[in-house]
Colleague: 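Structure provided below as structure tokens; questions to follow.
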Amino acid sequence: MGRKSLYLLSVGILLAYYVYTPLPENFEEPWRMMLFNTYLKSAVHLATFLEMLGLNHLMDSMMIGMSFDEVPPTSDENVTVTETTFNHIPVRVYVPKRKSEALRRGVFYIHGGGWCLGSAALKGYDSLSRWTADRLDAVVISADYRLAPKYHFPTQFEDVYNALKWFLHEKVLAKYGVNPERVAVSGDSAGGNLAAAVTQQVSEYSRKNTKLDSRRLGFS
């Protein structure tokens, strides 16, 4: 086998490794998933290589790469998007523009990323929160939290817990026109774990504190 043939074979194997991903036959838009998987593999391997050289921590490199996918808080014809802080925790707020005679539902959303990656500003999370606010006519609070490895657990739990408690204050709910009996807590991946944990914690707190009624907060 000639040198050129060997090079061509090597490139073909690498391309197959990075691009090909076995998926179910009924999977929608398989090439989009393959392209995303290719991007993710390439980013992880590059970040690992930089860490092996002692140039940068793997997670710091991944965050730099992900920052290119962040979008500013931009309102559109359906949803008003703003950024603020709840008890010093950064959050992005999505409020439907159409008028509502009744109080709206509220959704407190926690992004994933293994507690060491991601932010509410990522395009995917922004699109999801925007779609949820418009589709459900709900006020969506997309919360950020401090990330590992710089901040160790339970910092991530404490951040979203404090932000959620702030959101559940009567004055805050009234400010955003949210029905206190229709508040949901959700998240994806590691954010789903945090959502389950903070919901249990708020529920326990509401039972012990006479100032909070678990039924009124929607956690009963």
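Bear in mind that the values here come from a model prediction, so they are computed numbers and not experimental data.
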Colleague: Please check this pair: side chain of Ser203 against backbone of Gln201, looking for a donor-acceptor N/O pair closer than 3.5 Å.
Modeller: no
Colleague: Quick check on the hydrophobic clustering: are Phe153 and Val160 connected, directly or via other members, by side-chain heavy-atom contacts under 4.5 Å?
Modeller: yes
Colleague: Aromatic rings Tyr161 and Phe157: how do their planes relate, parallel, tilted or perpendicular, breaks at 30° and 60°?
Modeller: parallel
Colleague: Per the salt bridge (Lys or Arg N to Asp or Glu O under 4.0 Å) rule, what does the pair list look like for residues 137-151, sequence neighbours excluded?
Modeller: Arg98-Asp137, Arg104-Asp137, Arg146-Asp159
Colleague: Please report the shortest heavy-atom distance between Asn56 and Ser61, naming the atom on each side.
Modeller: ND2-OG, 3.2 Å
Colleague: Can you tell me how far apart CD1 (Ile141) and CD1 (Ile89) are? Round to the nearest 0.5 Å.
Modeller: 13.5 Å
Colleague: Could you list the residues that satisfy side chain to side chain contact (heavy atoms under 4.5 Å, CB included) with Ala190, not counting sequence neighbours?
Modeller: Trp115
Colleague: Taking all non-hydrogen atoms of both residues into account, name the closest pair between Tyr94 and Ala133 and its distance.
Modeller: CB-CB, 3.9 Å
Colleague: So do the side chains of Thr80 and Thr82 get within less than 4.5 Å of each other, counting heavy atoms only?
Modeller: yes
Colleague: Report yes if the side chains of Val95 and Val79 come closer than 4.5 Å at any heavy-atom pair, otherwise no.
Modeller: no
Colleague: Under 4.5 Å between any side-chain heavy atoms of Arg105 and Val178, yes or no?
Modeller: no
Colleague: Can you list every pair that meets salt bridge (Lys or Arg N to Asp or Glu O under 4.0 Å) and has a residue in residues 110-131, with sequence neighbours left out?
Modeller: Asp76-Arg130, Arg92-Asp126, Asp126-Arg130
Colleague: How long is the span from the CG atom in Leu122 to the CG atom in Leu128, to the nearest 0.5 Å?
Modeller: 12.0 Å
Colleague: Kindly say whether Gly191 contributes a backbone atom to a donor-acceptor pair with the side chain of Ser189 at under 3.5 angstrom?
Modeller: no
Colleague: Check for me, please, whether Leu50 and Leu117 land in the same ILVMFWY cluster - side-chain distances under 4.5 Å, paths through other members count.
Modeller: no
Colleague: Got a second to check how far Ile110's CD1 is from Leu164's CG, nearest 0.5 Å?
Modeller: 7.0 Å
Colleague: Which pairs would a plain distance check flag for residues 40-49, meaning a side-chain donor or acceptor within less than 3.5 Å of a matching protein atom at least two apart in sequence or in another chain?
Modeller:
{"residue": "Lys41", "atom": "NZ", "partner": "Tyr17", "partner atom": "O", "Å": "2.7"}
{"residue": "Ser42", "atom": "OG", "partner": "Thr38", "partner atom": "O", "Å": "2.8"}
{"residue": "His45", "atom": "ND1", "partner": "Tyr18", "partner atom": "OH", "Å": "2.8"}
{"residue": "Thr48", "atom": "OG1", "partner": "Val44", "partner atom": "O", "Å": "2.7"}

Colleague: If you take all heavy atoms of Val139 and Tyr176, which pair is closest and at what distance?
Modeller: CG2-O, 3.5 Å
Colleague: Quick one: closest heavy-atom pair of Val140 and Tyr109, and the distance?
Modeller: CG1-CB, 4.5 Å
Colleague: I need the minimum non-hydrogen distance between Tyr125 and Gly112, along with the two atoms involved.
Modeller: OH-N, 3.3 Å
Colleague: Mind checking the NZ-NZ spacing from Lys171 to Lys175? Nearest 0.5 Å is all I need.
Modeller: 12.0 Å
Colleague: Taking all heavy atoms of Gly118 and all of Leu147, pick out the closest pair and write down the distance.
Modeller: O-CD1, 3.6 Å
Colleague: Could you grab the distance from atom CZ of Phe108 to atom CG of Leu194, nearest 0.5 Å is fine?
Modeller: 9.5 Å
Colleague: Ser75 side chain to Val81 main-chain N or O, any donor-acceptor pair under 3.5 Å?
Modeller: yes
Colleague: Test your reading of the model: is there a side-chain donor-acceptor pair from His88 to the backbone of Thr85, 3.5 Å cut-off?
Modeller: no
Colleague: Please check this pair: side chain of Ser127 against backbone of Gly124, looking for a donor-acceptor N/O pair closer than 3.5 Å.
Modeller: no
Colleague: Working to the nearest 0.5 angstrom, can you tell me the gap between Cys116 SG and Tyr151 OH?
Modeller: 15.0 Å
Colleague: Please give the remaining members of the hydrophobic cluster of Ile64, linking ILVMFWY side chains under 4.5 Å, ordered by chain and number.
Modeller: Phe68
Colleague: Which donor-acceptor pairs under 3.5 Å do the side chains of residues 24-33 make with protein atoms, sequence neighbours left out?
Modeller:
{"residue": "Glu29", "atom": "OE1", "partner": "Arg32", "partner atom": "NH1", "Å": "3.3"}

Colleague: Applying a strict under-4.5 Å side-chain criterion to I, L, V, M, F, W and Y, I'd like to know whether Val183 and Leu103 cluster together.
Modeller: no
Colleague: Please examine the side chains of Pro180 and Glu170, heavy atoms only from C-beta on, and report whether any two atoms are closer than 4.5 Å.
Modeller: no
Colleague: When you group the ILVMFWY residues by side-chain heavy-atom contacts below 4.5 Å and let the links chain together, are Val185 and Trp166 in the same group?
Modeller: yes
Colleague: Taking Tyr145 for its side chain and His111 for its backbone only, find out whether a donor-acceptor pair lies under 3.5 Å.
Modeller: yes
